[in-house]
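Quick one: the structure is below, questions incoming.
Lettering follows sequence order; numbering is per chain, from 1.
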Amino acid sequence: MSAALDFTPRPGAAPLHRMVLAQTGAEVRAVLRNGEQLLLTMIIPLLVLVGFSAAPLLEVPGRRIDFVAPGVLALAIMSTAFTGQAIGTGFERRYGVLKRLGATPLSRAGLMLAKTLAVITVEILQFAVIAAVALALGWRPHGAPLEAFALVLVMVLAGTAAFSGLALLMAGTLRAEATLAAANLVYLVLLGLGGVVVPVTSFPHALRVVAEVLPITALTGGLRSILAQGGGLPARELLILLAWAAVTLALAARTFRWE
Amino acid sequence: MDSPAVALTDLVKRYGRTIAVDGLTLSAERGAVTAILGPNGAGKTSTIEICEGFRRADGGAVRVLGLDPARDAARLKPRIGVMLQAGGVPPAMRAGEWLRLVARFHAHPLDPGALLDRLGLTEHARTPYRRMSGGQQQRVSLAAAIIGRPELVFLDEPTAGLDPQARHACWDVVGELRARGVSTVLTTHHMDEAEKLADKVVIIDRGTVVAEGSPRTLTGAERQLRFRARPGLDLDELLTALPTGTAAKESPSGHYVIEGHVGPELLGTVTAWCAAEGVTADDLSVERRTLEDVFLELTGRELR
Ligand SMILES: Nc1ncnc2c1ncn2[C@@H]1O[C@H](COP(=O)(O)OP(=O)(O)OP(=O)(O)O)[C@@H](O)[C@H]1O
Ligand SMILES: [Mg+2]
């Protein structure tokens with residue numbers, strides 16, 4: 001038998017920030033513990049970074065590492081906010097976890113906030129690791145440090161919103177297995193078409209027109225103009241990301257099924 | 001404060017053309033254990049999940065602790081504990097981790113370690129949910145339902161798949177909740193469990209209540225004589241020796257039940273008749289009808 005357990009009712013919700021932080025912690029731990037998620041969010045971006053900065057496979061403008069590093073940072077955002085989140089949320093729905101959480105005092109808005117904070121936390125970890133490896137490989141980001149940091153932050157938040165919208169749209173409507181397959185497929189297609197390592201300028205015209213409105217292209221293009229060219233706010237890319245975010249989040253809010 | 005724990009009036013729930021709940025009215029008193037019984041597909045889970053706020057009713061009125069689970073969800077959720085019929089826990093999450101997480105959503109939770117201990121899960125505290133046995137998973141879900149110190153708990157088949165020890169542990173928990181003034185609404189297919197635990201039993205079939213009351217009132221005052229003997233005794237002949245109004249049946253084969261005014265006289269007649277037939281009546285007993293008898297009588301024998 002055990003220490004005193006007093007079942008006398010004493011109901012009450014914890015303060016919102018405590019609930020959200022607890023859920024955020026659980027979500028981050030789930031990602032870091034899951035082998036496939038780590039492969040997707042850490043290993044693959046690092047392999048792409050090391051592989052493409054070393055191998056002279058493709059013609060790129062400027063120094064190879066300066067071209068590849070921003071692309072890999074964009075890839076990291078996509079892998080966490082889109083692929084990882086879509087698959088994770090899809091299976092949570094399938095296993096009744098979203099439903100069960102819905103019976104706790106944590107509101108749906110609180111749950112969504114926790115998911116967003118968890119995605120951002122994982123992205124910070126990814127950025128730290130990827131930047132460290134890139135710097136070791138000779139990466140020299142351009143632009144005034146503070147200004148570049150602020151601009152990157154804006155682009156990352158907009159990209160995270162756009163990819164999260166896409167992820168939740170898929171996870172909230174498709175079956176978990178379909179989400180798994182579709183999220184991986186979309187990841188590969190966007191990896192190929194989005195200018196992560198292959199410049200879209202090398203595409204045939206028709207393909208390039210399509211590629212340029214993709215969120216991944218906007219994010220890689222935006223990060224590259226800030227970090228490789230020392231440019232100011234990439235307005236066109238930012239608008240593309242915000243448009244994707246607005247459309248996908250609005251659709252997801254209307255179609256998301258919790259069970 | 002006087003509103004019942006749960007009050008449902010003419011509740012209706014449809015899924016496409018299936019009518020899962022069809023004008024169901026029931027009330028569960030505060031501080032009591034209410035058991036909902038019914039065949040597979042009778043509408044138990046649908047009813048409970050409407051109370052929990054997961055599903056919307058298509059008709060009727062729902063009040064849980066005096067609140068509307070759809071409109072007053074934010075006020076109601078901290079006050080109730082929920083155990084789903086299946087699932088609800090992230091498969092990779094460890095039992096202890098899950099309980100600590102759910103505890104952190106509440107203002108005055110129970111201690112997760114002590115609760116794990118109470119339910120015999122201490123050595124599985126670090127086992128991922130998906131690697132636990134079905135019965136261990138059930139216990140984790142039960143623990144999560146009560147960790148927030150709710151006033152009202154909904155347990156959908158809490159003892160399905162539990163071994164006898166775990167079943168008794170679960171009964172003890174429900175008994176203790178009751179002693180502490182917690183209201184419990186549970187579903188079960190175990191009649192003995194309902195008989196033991198419940199203050200009130202509600203039997204539902206095809207989405208409506210077919211009987212309700214305390215286990216005692218449902219099983220009634222009438223008693224029956226039961227015994228086992230070789231199959232195929234001639235009961236019609238026995239009945240001629242018994243007072244009119246007595247009924248006898250063999251079900252299943254070799255198991256005999258005599259219903260009517262079961263007194264010393266009837267007992268004597270039956271044993272004398274058995275002796276004359278040269279059969280030994282095994283396991284002869286005089287007992288009240290069981291809840292299972294009542295249940296089968298009300299809901300029939302065909303499979304759903
Ligand atoms: N989500 C759903 N969609 C469609 N039909 C459903 C759904 N949930 C339940 N039903 C149907 O509604 C009826 C009642 O189901 P419910 O789950 O409430 O029964 P139950 O009494 O809990 O059964 P069991 O003892 O098997 O758990 C069944 O005919 C079932 O097929
Ligand atoms: Mg059920």
Side-chain angles (χ1 to χ4, degrees), chain A residues 1-38 87-111 114-115 118 176 257-259, chain B residues 49 52-55 65 73-75 77-93 97-98 100-111 113-119 122 128-130 141 144-146 148-152 154 173 176-183:
Chain A
M1 275 291 110
S2 57
L5 273 180
D6 184 0
F7 291 171
T8 313
R10 206 169 166 206
L16 181 65
H17 69 269
R18 209 173 84 197
M19 294 195 272
V20 170
L21 280 183
Q23 181 63 27
T24 304
E27 304 246 356
V28 171
R29 260 175 283 136
V31 173
L32 298 184
R33 189 180 288 159
N34 182 313
E36 289 118 62
Q37 293 262 27
L38 272 187
I87 295 169
T89 308
F91 278 97
E92 277 179 358
R93 186 164 73 103
R94 145 82 164 278
Y95 291 124
V97 176
L98 295 181
K99 176 176 174 179
R100 179 63 186 82
L101 286 173
T104 68
L106 178 67
S107 62
R108 285 176 176 180
L111 177 60
K115 285 192 171 295
R257 280 177 295 147
W258 296 80
E259 293 187 41
Chain B
E49 294 205 345
E52 293 162 344
F54 291 131
R55 307 186 191 189
L65 300 173
R75 275 199 290 158
K77 287 199 170 134
R79 299 171 62 190
I80 64 174
V82 166
M83 175 176 176
L84 300 176
Q85 186 168 352
V89 183
M93 207 180 260
E97 231 179 343
W98 175 242
R100 281 194 298 278
L101 175 63
V102 178
R104 293 197 66 193
F105 296 153
H106 295 273
H108 312 284
L110 297 173
D111 175 48
L115 192 53
L116 282 170
D117 202 29
R118 172 71 194 260
L119 289 168
T122 303
Y129 184 75
R130 80 170 111 74
S141 302
I146 61 175
R149 299 179 71 181
E151 295 171 55
L152 166 61
F154 292 101
V173 166
E176 200 173 317
L177 288 169
R178 184 177 177 283
R180 297 291 172 174
V182 179
S183 317

Task: Taking every non-hydrogen atom, the tightest pair across B:V89 and A:V97 - done: C-CG2, 3.6 Å
Open item on the list: Using every non-hydrogen atom in the two residues, find where A:F7 and B:L177 come nearest and quote the distance to one decimal.
Closed with: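 That closest heavy-atom pairing would be CD1-CD2, 3.6 Å.
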TODO: Of all the heavy-atom pairs spanning B:P78 and A:P105, show the shortest one and how long it is.
DONE: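 Smallest interatomic distance, heavy atoms only, reads CA-CG, 3.9 Å.
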- [ ] Identify the heavy atoms of A:M19 and B:R104 that sit nearest to each other, and give their distance.
- [x]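 Smallest heavy-atom distance, with atoms named: CG-O, 4.1 Å.
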TODO: Against chain B, work out which of A:T8, A:L21, A:T104 has the most heavy-atom pairs shorter than 4.5 Å and name it.
DONE: A:T8
Task: Derivation and outcome, side chain to side chain contact (heavy atoms under 4.5 Å, CB included), residues B:F54 and A:R100 - done: CA-CA 9 Å; B:F54 291 131; A:R100 179 63 186 82; 5.8 Å; no
Open item on the list: Has A:R10 got a side-chain atom pairing as donor or acceptor with B:P150's backbone, closer than 3.5 angstrom?
Closed with: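 No, the answer is negative, given that no donor and acceptor are paired below the 3.5 Å cut-off.
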TODO: Determine yes or no for a side-chain-to-main-chain donor-acceptor pair under 3.5 angstrom, with B:K77 supplying the side chain and A:L106 the backbone.
DONE: no
Open item on the list: If you count heavy-atom pairs within less than 4.5 Å of chain A, which of B:P91, B:G181, B:G87 leads?
Closed with: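 Maximum pair count with chain A is reached by B:P91.
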Task: Greater than 12 external heavy atoms within 6.0 Å of A:E259's CD - done: yes
TODO: Identify which part of B:A74 has an atom lying under 4.5 Å from any heavy atom of chain A, answering side chain, backbone, both or neither.
DONE: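 B:A74 has no heavy atom closer than 4.5 Å to chain A.
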Task: Per-residue contact mode, B:A73 against chain A (heavy atom under 4.5 angstrom) - done: neither
- [ ] Measure A:A103 against the heavy atoms of chain B and call it side chain, backbone, both or neither at under 4.5 Å.
- [x] both
Task: Toward chain A, the part of B:I146 with a non-hydrogen atom under 4.5 Å - done: side chain
Open item on the list: Looking at every non-hydrogen atom in both residues, tell me the closest pair between B:E176 and A:L5 and how far apart they are.
Closed with: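 Minimum heavy-atom contact is OE2-O, 3.8 Å.
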- [ ] State, yes or no, whether a side-chain contact exists between A:Q23 and B:F105 at a heavy-atom distance under 4.5 Å.
- [x] yes
Task: Part of B:R130 lying under 4.5 Å from any heavy atom of chain A - done: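 Contact with chain A: none, neither part.
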TODO: Run the salt-bridge test on A:R33 and B:E97 with the 4.0 Å N-O cut-off and return the result as yes or no.
DONE: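 Yes.
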- [ ] Quick one: closest heavy-atom pair of B:L84 and A:G96, and the distance?
- [x]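 Nearest pair, atom of B:L84 first, then A:G96: CD1-O, 4.2 Å.
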Open item on the list: With a 3.5 Å distance limit and no angle check, can you tell me whether B:R149 reaches the backbone of A:D6 through a side-chain donor-acceptor pair?
Closed with: yes
TODO: Identify whether the distance between the nearest side-chain nitrogen and carboxylate oxygen of A:K99 and B:E49 falls below 4.0 Å.
DONE: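 Answer for the salt bridge query: yes.
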